[in-house]
Colleague: 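Just dropping this structure here.
Note that the structure is predicted; figures quoted are calculated from it, not measured. In what follows, every heavy atom counts, from backbone to side chain, and hydrogens, waters and symmetry copies are set aside. When a ligand or atom number is given, it counts from 1 through the structure's own listing order.
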Amino acid sequence: YSDQTFRAAVYEHAPLPPNRTIVVTRQEALDYMRKNLEVYKTATEEAHGQNVDIIVFPEDGITYNGHTRKSVRPYLEYIPDPKQEQWNPCEVPDRYSNTEVQYTLSCLAKNNSLWIVANMGDYQPCQADDTVCPADGHYQFNTDVVYDSNGTLIAKYHKINLFFEFMFDPSTSKEAVSFETPFGTFGVFTCFDILFRNPVVVLMKEKEVSNIVFPTAWMDTPPFFAAIQFHSAVAAGFGINFLAANMHNPQYRFQGSGIYSPDGAVAYYYNNSVKGQEEGGKLLVSELKILRNNALSHNSPMYSSKKYNGTQAMGDGVFHADTFGDNFNYILLTESSGKARVCHNELCCKATYTSRDNFTEMFALGAFDGLHTKEGTFYIQVCTILRCKTLEKSSCGQGSRVSNTYFTQLALSGTFKTPYTFPEILLHGENVFDLAPSTTWSYNAGSMEAKNGFEQPLLSFSLFSRDYDNDLRLTSSCGNPKLTIFTQCLCLLSLLFSVLS
Ligand SMILES: NC(=O)CCCC[C@@H]1SC[C@@H]2NC(=O)N[C@@H]21
């Protein structure tokens with residue numbers, strides 16, 4: 001690193017599955033994990049050869065996913081709390097037993113003089129006075145570990161927002177974790193966490209991080225949750241560097257890693273061809289500017305909260321289409337060039353566009369303002385120009401993976417309630433999804449523009465906003481532990497009723 005820049009790497013890892021139908025011995029678990037760690041060693045040495053300062057590996061990259069609580073047990077290690085003690089596993093390997101994975105990671109960091117972020121399982125016995133201890137007497141946490149370039153364990157983070165991971169316990173402390181490096185302040189969180197106030201807003205506003213390291217096992221889900229699309233948009237929306245290392249398993253839609261800056265993708269990898277599973281690994285290395293604030297930091301020039309402009313009555317031509325579980329309002333783009341506007345609840349979206357040719361494919365402007373409930377429950381506000389999957393209006397939210405329509409100008413804005421708005425651009429390329437070069441578009445406070453359009457066909461051009469703070473209504477009402485079970489049920493019923501209506 002220098003005064004101005006540092007070098008970052010992410011490794012998209014393609015692990016082979018272990019046998020998860022039986023409970024293996026610790027030795028068998030180690031034999032399996034060593035194969036993954038061998039791949040990590042090669043990647044780390046290659047990164048060292050390219051003067052990398054920090055490398056990130058994916059969620060479940062060492063242990064694999066889809067375990068049961070029992071089958072994952074032999075893969076776990078006791079990870080001490082770096083806030084309570086300083087430990088360098090490479091230099092003091094025998095302080096704790098069964099810590100081979102931590103030893104290997106620490107030595108990789110030390111021997112290659114770089115910071116390592118990896119994901120593994122933490123085994124924590126319950127304290128004697130723990131009244132909510134799991135029935136088997138210990139906790140199992142999905143954990144990110146961070147080693148500095150001497151091999152010292154600097155931080156550990158327990159995933160707060162689990163995604164159908166019944167083998168793990170959610171973080172009991174619910175603590176957002178950050179760490180200092182000579183090249184900036186980093187926050188660390190894992191996959192599904194990206195959609196929730198804690199840890200995301202806590203890290204941005206309270207800890208004022210300007211970089212995120214993000215081990216993930218993310219399944220591509222267009223129109224808004226393709227991995228490279230969503231993660232690059234979060235980097236731009238928050239004005240941060242974002243290092244996303246995904247698991248590679250295209251058969252199950254796990255694909256797409258990147259090194260993203262506030263201006264867009266600096267490097268990304270998207271390879272969805274299902275060949276031999278072990279062939280898909282990839283190291284990305286980039287130079288990034290050292291950032292000292294994020295878009296929400298006090299006095300940051302990038303922060304601006306747009307005022308709500310009022311609603312607009314629904315005009316002719318508005319139709320509804322299911323969009324990953326949400327009932328969006330859409331309006332078709334019919335002329336090859338023009339303006340369009342559509343509203344939903346308190347959100348109004350405006351677009352101007354010019355397509356290179358007359359439309360032969362269906363494109364629509366959509367709006368949604370409400371509670372998303374599919375694969376997670378959270379408030380969103382979304383404006384989008386997207387390609388409908390077919391020539392049927394009902395296909396508009398289905399996440400097209402093909403397009404042959406070129407735009408020569410696009411602009412989109414919305415009356416978003418919060419500054420947590422992420423500019424998403426997904427283009428169609430040889431490998432299905434491509435991101436737009438950072439020189440082709442700009443984003444500022446709820447408005448996105450591509451003055452000269454794109455050289456590739458468009459799949460979607462969206463502003464995805466998370467109303468993180470509104471989620472508090474969900475927990476403060478129904479999830480409030482002070483309420484009786486009966487009141488909580490009544491509350492959930494009324495919430496369900498309001499969503500349905
Ligand atoms: N390992 C995880 O935590 C994965 C969670 C990310 C899933 C994202 S969010 C909802 C979408 N559904 C998916 O299948 N992928 C997307």
Colleague: Only one of Tyr330, Phe368, Phe319 passes ring-ring contact (aromatic ring centres under 6.0 Å, His included) with His344; say which it is.
Modeller: Phe368

Colleague: For atom 9 (S) of ligand 1, which protein heavy atom lies nearest, and how many Å away is it?
Modeller: Leu195 CD1, 3.7 Å

Colleague: Can we call the ring centroids of Tyr420 and Phe416 under 6.0 Å apart?
Modeller: no

Colleague: Please report the closest heavy-atom contact between Cys348 and Thr415, naming both atoms and the distance.
Modeller: N-OG1, 2.9 Å

Colleague: Does any donor atom in the side chain of Glu77 or Asn98 lie under 3.5 Å from an acceptor atom in the other side chain?
Modeller: no

Colleague: Ignoring hydrogens, just give me the one of Trp218, Phe164, Phe230 whose non-hydrogen atom is nearest atom 6 (C) of ligand 1.
Modeller: Trp218

Colleague: Should Thr221 be counted as touching ligand 1, given the test is an N or O pair under 3.5 Å?
Modeller: yes

Colleague: Which residue and atom name correspond to the protein heavy atom nearest atom 15 (N) of ligand 1, and how close is it?
Modeller: Met219 O, 2.8 Å

Colleague: What atoms of ligand 1 come closer than 4.0 angstrom to any heavy atom of Lys159?
Modeller: 1 (N), 2 (C), 3 (O)

Colleague: Can you name the nearest heavy-atom pair linking Phe189 to Pro199, along with the distance?
Modeller: CB-CG, 3.6 Å

Colleague: Only heavy atoms of Ala217, strictly under 4.0 Å: list the atoms of ligand 1 that pass.
Modeller: 1 (N), 2 (C), 4 (C)

Colleague: Looking at Tyr270, Trp218, Tyr269, which one forms a side-chain hydrogen bond (donor to acceptor under 3.5 Å, both in side chains) with Gln255?
Modeller: Tyr270

Colleague: Among all protein heavy atoms in this structure, tell me which lies nearest to atom 4 (C) of ligand 1, with the distance rounded to 0.1 Å.
Modeller: Cys191 SG, 2.8 Å

Colleague: Give me the nearest non-hydrogen protein atom to atom 12 (N) of ligand 1 as residue plus atom name, then the distance to 0.1 Å.
Modeller: Glu375 OE1, 2.5 Å

Colleague: Pull out every atom of ligand 1 sitting under 4.0 Å from any heavy atom of Glu59, numbered as shown with elements.
Modeller: 1 (N), 2 (C)

Colleague: Once you measure the plane-to-plane angle for His67 and Tyr75, does it fall in the parallel (<30°), tilted (30-60°) or perpendicular (>60°) bin?
Modeller: tilted

